[in-house]
**Q** 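One structure is given below, represented as structure tokens, and several questions about it will come after.
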Protein chains: 2
Amino acid sequence: MFSSSEENYLKAIYHLSLASTKGISTNAIANKLATKASSVTDMIKKLADKNMLVYKKYQGVTLTEKGKKTAANIIRKHRLWEVFLVEKLNFSWDEVHDVAEQLEHIKSPKLINEIDALLGFPKYDPHGDPIPDKNGALHQIEKSLLASLKIKEKGICVGVNDSSATFLQFLDKQGIALGKEVEVVDKEDFDNSMTIKINKKAITISNKIANNLYIQKL
Amino acid sequence: MFSSSEENYLKAIYHLSLASTKGISTNAIANKLATKASSVTDMIKKLADKNMLVYKKYQGVTLTEKGKKTAANIIRKHRLWEVFLVEKLNFSWDEVHDVAEQLEHIKSPKLINEIDALLGFPKYDPHGDPIPDKNGALHQIEKSLLASLKIKEKGICVGVNDSSATFLQFLDKQGIALGKEVEVVDKEDFDNSMTIKINKKAITISNKIANNLYIQKL
DNA sequence: AAATAAATTTAGATAAGGCTAAAAATAAAT
DNA sequence: ATTTATTTTTAGCCTTATCTAAATTTATTT
Ligand SMILES: [Mn+2]
Ligand SMILES: [Mn+2]
Ligand SMILES: [Mn+2]
Ligand SMILES: [Mn+2]
């Protein structure tokens, strides 16, 4: 059994591992968890003792298979709870993350399996992120950043890169939601802003926005 | 905000207070929480500092209004989660307590209000215990222990005194469930065991059983 | 190849929550 | 009214998870 703190470390390392082939550095983990490098060193020693990861002083860490599976299971719980909150409890997608951060640490296999069943075994969470299956397998969909689309290209919104409440609320305000079709109408070379058509309306968005919205190309 | 540990102390003291008019002793709390008296002394000092209870050395503790409200709110969450687990997630009444012990500490007013609404604002949990309202008010139903009934008296099962899995599973096995009608057919002076009629069948139960089942007299 | 900078680890502290053993206060029994 | 027993508190120690500051290792520049 793992403490909430241990679980949060495993989750952070797992997420960082998806975006890099090399070992994960102490600083990267400290940064992700808003903690100090010295605290990270202590914790990764403990997780190495528990065979959750491989650690060689100064060389960063790599999750073991057991570590990956454990982390994926926490992420599975997090994302299933997010779906539950949106689908069954009238939460909006910008309200779910903090509560899911708590709920993901509840220990009860039956609980999460029943939630899964109640929801009809969803494959994606409210932010378009895939839900790992019981074995920790995670089938990532083919997706591109909106920023990478060229003029005239079309796609469906399938996910967000930034799940912060401010960004999600901005999307709500602009009428941008997962499942909606967008078309790039124009791109501005000067600041990489782009004009897109969504809901039959043209709106202009900054490059920062376009770099945080995932699209499945049509 | 309170830690899970603080919340568990408040809850324990609240429960003990219901069964006694005097201040709650250090030992009683230690016993209830399966901890040591010295640990209790430390914690009640902290809770006294936070104005959750009144503490005078060697005199036991009494919850303040704030303390009562806080405790009732945790119990409210615990019982609502138990209803949710039974009603929506196919848990049986002997499986819910341990999970509810975890879920009761989740911090999110919206979450528990939505769960409440989803369940149709239930008044009792799966064990017949009343669910405190948002203000911490708790309307106890009129109920008696089955053991107190005389021969020929009838009643409806409305609650259990012991919520342990073993007792609840025993009741399941005997076909005893909340809402069912029972009639006392016979009582044995020697060991206070009694024969009751339930589901149109007569069964004999020990005094210990009869002392853990609540009945609303008919 | 040295010198400097950056990253990482170690050492030492702190806070929460718990424990054991000893001291002190209260309650019960002579 | 003492003595004895029980309860409660205090003192000191432990574990987990943090932190800061100093030491050490690795990486980057000159
Ligand atoms: Mn999230
Ligand atoms: Mn998400
Ligand atoms: Mn319970
Ligand atoms: Mn209950």
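Each chain gets a letter, A, B and so on, in the order the sequences are listed, and its residues count up from 1.
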**Q** Nearest whole angstrom, please: distance from the C1' of D:dT16 to the CZ of A:F2.
**A** 15 Å
**Q** Only Watson-Crick and G-U wobble pairs with both distances less than 3.5 Å should count. Give DNA chain C in dot-bracket notation, marking inter-strand partners with |.
**A** ||||||||||||||||||||||||||||||
**Q** Quick check on D:dT18: is either OP1 or OP2 less than 4.0 Å from any side-chain nitrogen or oxygen of A:K36?
**A** no
**Q** Could you please name the option among C:dT9, D:dT18, C:dG18 that lies closest to any side-chain atom of B:Y9?
**A** C:dG18
**Q** Between A:Q59 and A:S39, which is nearer to the 5' end of DNA chain D once each is assigned its nearest nucleotide?
**A** A:S39
**Q** For B:S5, which contact category applies under a 4.0 Å heavy-atom criterion: base, sugar-phosphate, or nothing?
**A** sugar-phosphate
**Q** Just how far, in rounded Å, is C1' of D:dA27 from CG of A:N27?
**A** 13 Å
**Q** Measure the distance from OH on A:Y55 to P on C:dT8 and round it to the nearest whole Å.
**A** 10 Å
**Q** Please tell me if A:T26 has a side-chain N or O lying less than 4.0 Å from either OP1 or OP2 of C:dT9.
**A** yes
**Q** Side chain of B:T41 only, please: which of D:dT7, C:dC19, D:dT9 is the nearest?
**A** D:dT9
**Q** To the nearest angstrom, how far is B:K56 atom NZ from D:dT8 atom P?
**A** 16 Å
**Q** Evaluate side chain to side chain contact (heavy atoms under 4.5 Å, CB included) for A:E87 paired with A:L119, printing each intermediate quantity in order.
**A** CA-CA 8 Å; A:E87 296 294 318; A:L119 298 171; 4.2 Å; yes
**Q** In whole angstrom, what separates B:E6's CD from C:dA15's C1'?
**A** 12 Å
**Q** Rounded off to whole Å, could you give me the OH-to-P distance for the A:Y58 and D:dT24 pair?
**A** 9 Å
**Q** Whole angstrom is fine here: how far is it from CG in B:N8 over to C1' in C:dG18?
**A** 14 Å
**Q** Tell me the ring-ring contact (aromatic ring centres under 6.0 Å, His included) pairs involving residues 58-108 of chain A, sequence neighbours left out?
**A** A:H78-A:H97, A:W81-A:F84, A:F84-B:F84
**Q** Can you name the one residue among A:D116, A:D125, A:D133, A:D129 that meets salt bridge (charged side-chain N to carboxylate O under 4.0 Å, His left out) with A:R76?
**A** A:D116
**Q** Quick one about B:S193 and B:D191 (side-chain donor to acceptor, distance below 3.5 Å, no hydrogens or angles considered), yes or no?
**A** yes
**Q** Let me spell it out: for each of A:K57 and A:D42, pick the nucleotide of DNA chain D with the closest heavy atom. Which residue's pick is nearer the 5' end?
**A** A:D42
**Q** Does a salt bridge link A:K11 with A:E104, judged by any charged N lying under 4.0 Å from a carboxylate O?
**A** yes
**Q** Could you tell me if B:Q169 and B:T166 have a donor-acceptor pair between their side chains, going purely by distance under 3.5 Å?
**A** no
**Q** Take the protein atom CG of A:L33 and the nucleotide atom P of D:dC19, then report the distance between them rounded to whole Å.
**A** 10 Å
**Q** Under 3.5 Å, is there a donor-acceptor pair between the B:N192 and B:N207 side chains?
**A** no
**Q** Could you tell me whether A:S38 contacts a base, only the sugar-phosphate backbone, or nothing, with contacts defined as non-hydrogen atoms closer than 4.0 Å?
**A** base
